[in-house]
Amino acid sequence: MAFEWKERYMLGIEEVDKQHKKLFEIGARAYELTRLDNAYDRYDDIMEVLKELFDYAQYHFNYEETFMEKHNFEHLPEHTKAHNYFVAKVKSLLTREIDDEQEETLQEITDFLSQWVSTHIMFEDRKYTALFK
Ligand SMILES: [Fe+2]
Ligand SMILES: [Fe+2]
């Protein structure tokens, strides 16, 4: 399952790991929706999950950026850029007319999410962990 939390995602920073787990939980809910019967209208559920993802991702990114800023982290500009890209992508999904494309949209959300979140944690977030020690 794409949204199963794995040991290798752990950065060893309690609050950050907690927030990352929460992102995976939201992703898992989107994934659950892909498994429902197509006859079922999932529009409201999709919007709810996306809205929560949009809000929580911003909360989490702010937390990280504030921390990196405080420690003059050298990769802050490109890290912030990666965060902004993610937020813009979720926003574009939120404002898209998805009523007739629920299945495609859900597939796109879950593919994008599972790819981006795990890669970002393992390669980008990992870079700032030394600052926490
Ligand atoms: Fe993160
Ligand atoms: Fe990050």
Side-chain angles (χ1 to χ4, degrees):
M1 211 278 257
F3 291 100
E4 208 176 329
W5 176 259
K6 299 188 183 79
E7 277 302 306
R8 65 171 189 271
Y9 301 144
M10 295 275 274
L11 298 179
I13 304 156
E14 204 184 342
E15 177 59 27
V16 173
D17 287 333
K18 199 182 93 191
Q19 293 179 7
H20 286 158
K21 276 183 190 154
K22 171 87 177 174
L23 286 174
F24 271 80
E25 270 166 42
I26 299 171
R29 280 187 16 231
Y31 179 76
E32 282 305 309
L33 292 175
T34 66
R35 292 153 41 106
L36 293 176
D37 191 278
N38 283 333
Y40 176 72
D41 187 344
R42 294 166 284 189
Y43 182 81
D44 292 341
D45 300 303
I46 297 171
M47 283 298 139
E48 201 186 299
V49 171
L50 276 177
K51 185 80 185 56
E52 190 178 345
L53 179 65
F54 185 69
D55 292 341
Y56 196 78
Q58 287 183 93
Y59 167 78
H60 170 62
F61 295 160
N62 272 328
Y63 181 88
E64 285 187 348
E65 286 164 24
T66 304
F67 180 83
M68 290 186 276
E69 214 171 311
K70 210 171 107 192
H71 290 82
N72 297 310
F73 182 56
E74 54 173 330
H75 301 295
L76 178 62
E78 61 256 41
H79 200 127
T80 304
K81 216 167 146 187
H83 287 169
N84 291 344
Y85 167 78
F86 182 87
V87 171
K89 172 76 181 180
V90 177
K91 192 172 180 183
S92 82
L93 290 166
L94 260 173
T95 50
R96 191 195 286 179
E97 194 48 73
I98 64 158
D99 215 12
D100 299 325
E101 307 166 6
Q102 296 186 12
E103 216 189 324
E104 295 85 340
T105 305
L106 267 176
Q107 201 55 56
E108 192 179 333
I109 294 168
T110 50
D111 288 349
F112 170 71
L113 248 184
S114 63
Q115 234 292 94
W116 195 93
V117 176
S118 53
T119 309
H120 184 80
I121 291 173
M122 301 226 289
F123 297 101
E124 301 308 319
D125 288 348
R126 193 168 289 287
K127 291 180 186 164
Y128 68 58
T129 53
L131 302 175
F132 274 86
K133 309 271 150 73

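- Annotation: side chain of F73 is not in contact with side chain of F67 (no heavy-atom distance under 4.5 Å).
- Looking only at distances, a side-chain donor or acceptor of T110 sits under 3.5 Å from a matching main-chain atom of Q107.
- The aromatic rings of F24 and F3 sit perpendicular to each other, their planes meeting at more than 60°, with 30° as the lower class boundary.
- A 4.5 Å side-chain heavy-atom check between E48 and K51 finds every atom pair outside the cut-off.
- Minimum interatomic distance between E108 and L93 (heavy atoms only, all atoms of both residues): OE2-CD2, 4.0 Å.
- Rounding to the nearest 0.5 Å gives a distance of 5.5 Å between OG1 of T80 and CE of M68.
- Put simply, CZ on R42 and CG on L33 are 7.0 Å apart, with the number rounded to the nearest 0.5 Å.
- Side-chain N or O atoms of E64 include none that pairs as donor or acceptor with a backbone N or O of H60 at under 3.5 Å.
- Counting heavy atoms from C-beta on, the side chains of Y128 and H75 never come closer than 4.5 Å.
- Taking each heavy atom of D17 and L11 in turn, the nearest pair found is OD1-N, 2.8 Å.
- T34 OG1 to Y31 OH: the interatomic distance, rounded to the nearest 0.5 Å, is 5.5 Å.
- Separating the CD atom in E69 from the CG atom in N62 is a distance of 10.0 Å, to the nearest 0.5 Å.
- The CZ atom of F54 sits 10.5 Å away from atom CZ of F86, with the distance rounded to the nearest 0.5 Å.
- The shortest distance between side-chain heavy atoms of I46 and I109 falls below 4.5 Å.
- Around the CD atom of E14, the shell of radius 6.0 Å holds no more than 12 heavy atoms that belong to other residues, nucleotides or ligands.
- Environment of CD in E78: crowded, with over 12 heavy atoms of neighbouring residues, nucleotides or ligands closer than 6.0 Å.
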For residues 120-127, dump all side-chain donor-acceptor pairs below 3.5 Å to protein atoms at least two apart in sequence or in another chain.
unit_1, atom_1, unit_2, atom_2, d
H120, NE2, H79, NE2, 3.1
H120, NE2, H83, NE2, 3.1
H120, NE2, D125, OD1, 3.1
E124, OE1, K127, NZ, 3.3
D125, OD1, H79, NE2, 2.9
D125, OD2, H20, NE2, 2.9
R126, NE, M122, O, 3.3
R126, NH2, R8, O, 2.9

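- Taken to the nearest 0.5 Å, the CG atom of D45 stands 11.0 Å off from the CG atom of L50.
- L23 is not listed as a side-chain neighbour of W116, based on a closest heavy-atom distance of 4.5 Å or more.
- Closest approach of W5 to K21, counting heavy atoms only: NE1-CE, 3.3 Å.
- Residues A30 and V49 share a closest heavy-atom pair of CB-CG1, 3.9 Å.
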